[in-house]
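Here the structure comes first, spelled out in structure tokens, and everything after it is commentary.
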Amino acid sequence: MPTSLLLGFPDYSAAAHRLAQCLNLPCEIAVLHRFPDGESKLRLPTGLPERLIVCRSLDHPNDKLIELLLTAETARAAGVKHLTLVAPYLCYMRQDMAFAPGEAVSQRIIAPWLGRLFDTVITVDPHLHRIDELREVMPAARAITLSAGNLIGDLLKARLGAPLLVGPDSESRQWVARIATHAGLEFLIAEKQRRSDHEVDIALPPGELRGRTAVIVDDMASTGCTLATTAALLYQAGAATVHCCVTHPLFVGDAITVLHAAGVQQIWSSDSVPHASNAFTLAPLLAAALAG
Ligand code: R5P
């Protein structure tokens, strides 16, 4: 019997199989049933090995978090000694402070909870703006943070030659700067104020944009309003073409329509979350971290 197994879920089975193939590990998919009242029933494969790698991205997270709890407890009861969670998109990282009295600081609740369930947690470009390292909020687990930045830089260079990279907010500066350095590209950083879930104010820094091919790069896109508002400003400033590239394509509701209405041409993303915009896979990056 192999000593490790990769466990996927029906909503993330293609990515789980790609990762298992990179690792040369067997892959099985958990069986899930949703009861009429909304509760989840989970069935794991029998005969689990001592090491189990659970692979599931945590977009639309609430049901998935309960299912991870069921998975971890069931696996431990079945004798699994080492549990790894590979969650390319790690949820609840944006609520990293109480913005109003009484608000839950979700990052500081969800991250340590996952850290207690799993021995190792591996994720990609988590939204960490007020802390430097995931392990600051995930103390129990070995927390490994990877970045898709080099893959994004390589993709943009291959597709566009020498585009101008645009980070939509000050928090993106270090990440965008690293991508630009890796790929030898220019970049600029805008300022963002969020007014509501669907409204942001963006200000571009001074600079010559006429005729430029610009790519807005961000760790994630949800409603798309950050990307769309930035794209509209870039066109107003004279950019010839605006594209977008994100690690985590959540793209909820009519986000893609909103982006196209703002004139965005190409939309590229990693396969962190399955989406039509997926242009590159994280599997080799994740596999290298698991093998290391
Ligand atoms: C926040 O700072 C993130 O980096 C993204 O810019 C943000 O989450 C995108 O959200 P939305 O697509 O809803 O504007």
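Read the numbers this way: they start at 1 and go in the same order the structure lists the ligands and their atoms. Note that the structure is a prediction, hence the values are computed from the model and not measured. Atom set for the values below is all heavy atoms of this structure, side chains included, hydrogens, waters and symmetry mates excluded.
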[atom]: which protein heavy atom is closest, and how many Å away?
atom: atom 13 (O) of ligand 1; answer: Thr223 OG1, 2.6 Å
atom: atom 4 (O) of ligand 1; answer: Asp219 OD1, 2.6 Å
atom: atom 10 (O) of ligand 1; answer: Arg194 NH2, 3.2 Å

Next on the checklist: As a quick check of understanding, evaluate side-chain hydrogen bond (donor to acceptor under 3.5 Å, both in side chains) for Ser277 and His275, giving each step before the final call.
Outcome noted: CA-CA 5 Å; Ser277 62; His275 187 265; 2.7 Å; yes

Numbering the atoms of ligand 1 from 1, which are under 4.0 Å from a heavy atom of [X]?
X: Lys192; value: 1 (C), 2 (O), 5 (C), 6 (O), 7 (C)
X: Ala221; value: 12 (O)
X: Arg94; value: 8 (O), 10 (O)
X: His127; value: 1 (C), 2 (O), 3 (C), 4 (O)

Next on the checklist: Asp119 and salt bridge (charged side-chain N to carboxylate O under 4.0 Å, His left out): which single residue from Arg142, Arg51, Arg76, Lys81 fits?
Outcome noted: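 Single pass found, and it is Arg76.
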
Item to check | Ionic contact status for Asp271 with Arg18, cut-off 4.0 Å | outcome: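 Salt bridge flag = yes for Asp271 with Arg18.
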
Checklist entry - If you measure from the Lys or Arg side-chain nitrogens to the Asp or Glu carboxylate oxygens, is any gap between Lys41 and Glu39 under 4.0 Å? => result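 Judged by the 4.0 Å cut-off on N to carboxylate O distance, Lys41 and Glu39 do not form a salt bridge.
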
Checklist entry - Side chains of Ile131 and Gln107: closer than 4.5 Å at any heavy-atom pair? => result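 SC-SC contact between Ile131 and Gln107 confirmed.
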
Checklist entry - Given Asp218, which of Val166, Thr226, Val176, Asp125 fulfils the side-chain contact (heavy atoms from CB on, under 4.5 Å) condition? => result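 For Asp218, the side-chain contact (heavy atoms from CB on, under 4.5 Å) check succeeds only for Thr226.
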
Touching ligand 1 at all, [X]? Heavy atoms, strictly under 4.0 Å?
X: Asp169; result: yes
X: Pro168; result: no
X: Glu171; result: no

Item to check | N/O separation below 3.5 Å, His129 to ligand 1 | outcome: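 No: no nitrogen or oxygen of His129 is under 3.5 Å from one in ligand 1.
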
Item to check | Nearest neighbour of atom 5 (C) of ligand 1 from the list Thr226, Asp218, Ile216, on a heavy-atom basis | outcome: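 Selected option, by shortest heavy-atom distance: Asp218.
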
Checklist entry - Passes side chain to side chain contact (heavy atoms under 4.5 Å, CB included), Leu134 versus Thr123? Steps please. => result CA-CA 9 Å; Leu134 185 57; Thr123 190; 3.7 Å; yes

Checklist entry - On the ring face of Tyr12, is Arg56 found with NZ or CZ under 6.0 Å from the centre and within 45° of the axis? => result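 Here Arg56 fails the 6.0 Å and 45° test against Tyr12.
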
